[in-house]
Asks: 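My questions will all concern the structure given below.
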Protein chains: 2
Amino acid sequence: MPRRVTIDDVARLAGVHKATVSRALNEATRSQVRAATVERVRAAADELGYVPDVVARGLRTKTSMTIGVIIPDLMNPIFPPIVRGIEHVLQPRGYTALLANTDGRDAVELAAFESLVQRRVDGFIVATGRLGAQPAVERAHRDGVFAVMVNREAGSAPYPVVTNDSESGMAAAVQHLVDLGHRRIAHLAGPRDFSTTRARADAFAAAARELPGVRTRVVDAGALTTEAGQRAMDELLARGARRPTAIIGGNDLVALGAIRSLHAHGLRVPEDVSVVGFNDMPFAADFSPSLTTVRVPLREMGMESARLLLAAIEMRQLDARTIRIPVSLVVRDSTGPCCE
Amino acid sequence: MPRRVTIDDVARLAGVHKATVSRALNEATRSQVRAATVERVRAAADELGYVPDVVARGLRTKTSMTIGVIIPDLMNPIFPPIVRGIEHVLQPRGYTALLANTDGRDAVELAAFESLVQRRVDGFIVATGRLGAQPAVERAHRDGVFAVMVNREAGSAPYPVVTNDSESGMAAAVQHLVDLGHRRIAHLAGPRDFSTTRARADAFAAAARELPGVRTRVVDAGALTTEAGQRAMDELLARGARRPTAIIGGNDLVALGAIRSLHAHGLRVPEDVSVVGFNDMPFAADFSPSLTTVRVPLREMGMESARLLLAAIEMRQLDARTIRIPVSLVVRDSTGPCCE
DNA sequence: TTGTACGCGTTATCAT
DNA sequence: ATGATAACGCGTACAA
């Protein structure tokens with residue numbers, strides 16, 4: 001492994017001291033160096049293919065032009081679009097995104113934070129928010145590290161949040177089903193310690209209270225996966241009671257799991273049961289049947305979170321406001337009129 | 001931002017020199033320190049919450065216990081399972097995966113490599129392989145950086161490769177369609193500079209030569225996206241000639257795009273046209289119709305690539321062998337008998 | 001305008 | 001067994 005070209009190599013070739021090289025190559029200090037010298041240094045650096053060592057530099061400057069992005073579950077298709085939005089803002093401004101996948105496990109999340117903090121990331125974009133205590137986020141805040149929560153809020157640390165308007169999304173979903181004639185609607189709720197899925201469950205309950213003629217039920221899916229959705233639907237169908245004519249999933253994966261369960265029980269969607277999802281994840285339109293869902297502008301949420309973080313880094317302070325991105329219902333084939 | 005606890009703080013509290021702290025806390029050198037001293041140092045470190053600074057350490061040791069993972073397109077659902085497989089092997093061995101998404105762009109890939117090399121990653125797992133010249137991979141090899149290619153091979157650098165047996169997968173797909181009675185089969189081929197999609201196109205051509213009664217055609221989809229697949233299928237349907245009764249996509253996304261196009265043209269799948277995909281990406285079974293496809297063990301490929309890389313790092317040399325993971329055809333609802 | 005010297009937090013080497 | 005010191009590669013007060 002050939003030795004790296006260092007600042008000393010450049011200094012030797014240019015016939016100056018390494019401090020001069022540092023100044024000449026560094027935007028902010030370039031004015032302190034004579035133009036001719038700058039040119040000489042530049043030529044030498046080019047010739048040797050010198051690239052400053054960001055690690056050594058970070059040891060000095062405590063900065064790295066790098067943003068850590070903490071993702072709870074890469075297998076959930078809502079996160080790739082968010083990541084793309086983040087990168088879309090970061091890249092033109094010279095920042096690199098370093099992704100870490102935590103698998104939803106606290107220990108892994110802590111390790112990822114640790115690892116990235118040590119690598120001197122300039123800030124975090126965190127998609128693993130939970131309403132309960134969250135050691136990693138709390139610790140980051142205590143250490144004065146900048147972070148922005150995206151999609152889910154954090155319960156503990158006062159960080160800015162970019163999330164979506166789950167309440168009005170749920171209201172729209174319920175209204176859509178009622179308009180179709182449905183009077184028995186169940187919600188397969190996601191975890192109550194995610195701000196998004198809790199808001200949806202709360203909004204579902206609120207909507208139910210305002211619609212006296214509608215019978216509602218909530219079943220906890222436990223996790224935001226197809227498997228959890230399928231299990232919850234299985235369980236709901238196994239109960240003796242009259243089954244609901246419409247289902248609203250805590251997210252698209254849960255809704256998809258519900259559809260799998262319904263199909264497995266020989267029920268048709270939407271003829272026997274209508275299903276609504278949440279997020280409009282990639283491929284939601286390609287499912288069988290295509291999924292009626294609440295569209296969340298995932299990419300825009302990613303972009304906004306990156307903008308917020310960079311602004312905080314540059315102004316050296318962050319205000320913990322919450323940005324709530326509007327959502328809209330997308331009607332497809334998984335919902336239909338009730339009881340025809 | 002509170003100052004980090006450094007090795008000097010621990011040394012002071014334990015009443016020893018920092019060199020001793022380093023030796024006591026470092027697995028390999030612990031035997032050089034008296035057991036009682038080790039205990040004292042440990043207690044001090046615990047009390048202060050000391051964590052060695054991996055950056056400063058990397059400056060000295062040229063190592064970081066970190067693996068860079070280069071992904072061409074996070075939006076392609078085959079990569080999350082590969083990443084999971086990689087992480088599954090890395091995490092228990094103390095390594096952290098740092099992901100970089102290149103969006104398929106050379107400049108971004110170079111920047112990602114640069115950024116990660118500077119962070120002293122101990123090696124790369126590269127999923128962006130292309131058969132043509134690939135500056136980033138070549139440069140990594142020239143610099144003596146360890147890397148393993150996963151999924152796609154690299155044309156230029158002699159790195160180990162973990163890929164799948166696209167040839168026999170394609171053969172199985174063609175045979176399946178022929179068995180169903182199809183005699184006009186088209187392949188919507190992916191880019192020819194990806195080893196996987198080129199192998200599939202070649203295997204398709206080879207299969208065609210051995211089946212004289214079967215008329216085949218190849219259309220270039222250009223990219224591995226649903227949009228590209230839809231465009232290619234649109235184009236194929238626009239041609240005056242008799243349309244094929246079966247389609248094999250360069251991957252699942254292309255196949256999905258083809259289905260979208262067929263539906264848009266009022267054609268049914270599989271009654272009018274059968275469609276086969278490649279990879280068995282997540283949700284392939286949930287599409288409308290569920291997708292017959294060649295299953296590639298994505299997670300296993302990720303795991304194997306990580307194992308290979310760690311072995312190379314530990315033995316300080318890598319042999320550029322190619323591991324070809326077996327594949328299998330999964331028959332679902334997107335294929336059916338021809339011309340009933 | 002440029003050079004000197006030190007510090008960032010470790011680990012490796014040499015001396016004790 | 002432990003301490004002292006240098007080195008990793010860079011940036012920056014301070015001096016010249």
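What you see is a predicted model, and the numbers here were worked out from it, not measured in a lab. Within every chain, numbering begins at 1; the chains are lettered A, B, ... in the order of the sequence lines, protein sequences first and strands thereafter. No hydrogens, no waters, no symmetry mates; every other heavy atom, side chains included, goes into these values.
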Asks: Does the ring center of A:Phe124 lie less than 6.0 Å from the ring center of A:Phe113?
Replies: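 Yes, close enough.
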Asks: Out of D:dT5, D:dA4, C:dT2, which nucleotide sits closest to the side chain of B:Lys18?
Replies: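 Shortest atom-to-atom distance from the side chain points to D:dT5.
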Asks: For A:Thr6 and D:dG9, is the shortest distance between a side-chain N/O and OP1 or OP2 below 4.0 Å?
Replies: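 It does not, given that no N or O in the side chain of A:Thr6 lies less than 4.0 Å from OP1 or OP2 of D:dG9.
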Asks: What contact category does A:Ser22 fall into here, base, sugar-phosphate, or nothing, at under 4.0 angstrom with non-hydrogen atoms?
Replies: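 Base contact.
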Asks: Does B:Asp73 reach the main-chain N or O of B:Met75 with its side chain, forming a donor-acceptor pair under 3.5 Å?
Replies: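 Present.
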Asks: Checking all strands, does B:Thr29 fall into the base, sugar-phosphate, or nothing category for heavy-atom contacts under 4.0 angstrom?
Replies: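 No contact at all - B:Thr29 keeps every heavy atom at 4.0 Å or more from the nucleic acid.
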Asks: Rounded to whole Å, how long is the line connecting atom CZ of B:Arg12 with atom P of D:dG3?
Replies: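 Whole-Å distance recorded here is 14 Å.
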Asks: Provide, to the nearest angstrom, the distance between the CG atom belonging to A:Asp53 and the C1' atom belonging to D:dG11.
Replies: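 The distance from CG of A:Asp53 to C1' of D:dG11 comes to 13 Å, rounded to the nearest Å.
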Asks: With side chain to side chain donor-acceptor pair (under 3.5 Å) as the test, pick out the partner of B:Glu109 among B:Thr102, B:Thr128, B:Asn101.
Replies: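 Only one option passes, and that is B:Thr128.
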Asks: Going by an N to O cut-off under 4.0 Å, is there a salt bridge joining B:Arg60 and B:Asp53?
Replies: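 Salt bridge absent between B:Arg60 and B:Asp53.
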Asks: In whole Å, what is the span from the CG atom of B:Asp9 to the C1' atom of C:dG9?
Replies: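 Going from CG in B:Asp9 over to C1' in C:dG9 covers 11 Å.
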Asks: Less than 4.0 angstrom between a side-chain N/O of B:Thr61 and OP1 or OP2 of C:dT11, yes or no?
Replies: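 Answer no for this pair, as no side-chain N or O of B:Thr61 is under 4.0 Å from OP1 or OP2.
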Asks: Let's see if you can work this out: which of D:dT2, D:dC10, C:dG9 has an atom nearest to the side-chain heavy atoms of B:Val33?
Replies: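 Shortest atom-to-atom distance from the side chain points to D:dT2.
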Asks: Looking only at side-chain N and O atoms, does A:Gln134 offer a donor or acceptor that is under 3.5 Å from a partner on A:Ser156?
Replies: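 No, because no side-chain N or O of A:Ser156 sits under 3.5 Å from a partner of the opposite role on A:Gln134.
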Asks: Quick one: do A:Arg93 and A:Glu314 satisfy salt bridge (Lys or Arg N to Asp or Glu O under 4.0 Å)? Show the steps, please.
Replies: CA-CA 12 Å; A:Arg93 301 186 55 178; A:Glu314 279 166 12; 2.6 Å; yes
Asks: Is the shortest side-chain N/O distance from B:Arg34 to OP1 or OP2 of D:dT2 below 4.0 Å?
Replies: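 Yes.
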Asks: If the helix axis at each end comes from five base pairs, how far does the helix from C:dT1-D:dA16 to C:dT16-D:dA1 deviate from straight, to 10°?
Replies: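 Helix axis angle between the two ends: 50°.
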Asks: Report the relative orientation of the aromatic rings in A:Tyr159 and A:His141; use parallel for angles under 30°, tilted for 30 to 60°, perpendicular for over 60°.
Replies: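 Perpendicular.
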Asks: Rounding to an integer number of Å, can you tell me how far A:Glu27 CD sits from D:dC10 P?
Replies: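 Between P of D:dC10 and CD of A:Glu27: 18 Å.
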Asks: For a quick check of understanding: with a heavy-atom distance under 4.0 Å over all strands, which category does A:Asn26 fall into, base, sugar-phosphate or nothing?
Replies: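 The answer is sugar-phosphate, as A:Asn26 gets under 4.0 Å only of primed atoms, P, OP1 or OP2.
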Asks: What is the distance, rounded to the nearest whole Å, between atom CD of B:Gln32 and atom P of C:dT16?
Replies: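 So the two atoms are 18 Å apart, to the nearest Å.
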Asks: I need the CD1-P distance between B:Ile7 and C:dG7, as an integer number of Å.
Replies: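 Rounded to the whole Å, the gap is 18 Å.
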Asks: What is the separation between atom CZ on B:Arg30 and atom C1' on D:dA1, rounded to the nearest whole Å?
Replies: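 From B:Arg30 CZ to D:dA1 C1': 16 Å.
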Asks: Distance check needed: C:dG9 P versus B:Tyr50 OH, whole Å only.
Replies: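 It works out to 10 Å between those atoms.
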Asks: Does A:Thr37 make a side-chain N or O approach to OP1 or OP2 of C:dT2 shorter than 4.0 Å?
Replies: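 Yes, within the criterion.
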Asks: Please report the closest heavy-atom contact between B:Leu116 and B:Ala100, naming both atoms and the distance.
Replies: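 Residues B:Leu116 and B:Ala100, closest heavy atoms: CD1-CB, 4.1 Å.
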Asks: Taking atom types as they are modelled, is there a donor-acceptor pair under 3.5 Å from the base of C:dT10 to the side chain of B:Arg60?
Replies: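 No.
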Asks: Can you check whether any acceptor in the base of C:dT13 is under 3.5 Å from a donor in the side chain of B:Arg23, or vice versa?
Replies: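 A donor-acceptor contact between them is present.
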Asks: Select from B:His17 and A:His17 the residue whose nearest nucleotide in DNA chain D is closer to the 5' end of that strand.
Replies: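 Per heavy-atom nearest nucleotide, the more 5' residue is B:His17.
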Asks: What nucleotide among D:dA13, C:dA12, D:dT2 has an atom nearest to a side-chain atom of B:Ala19?
Replies: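 Output: C:dA12.
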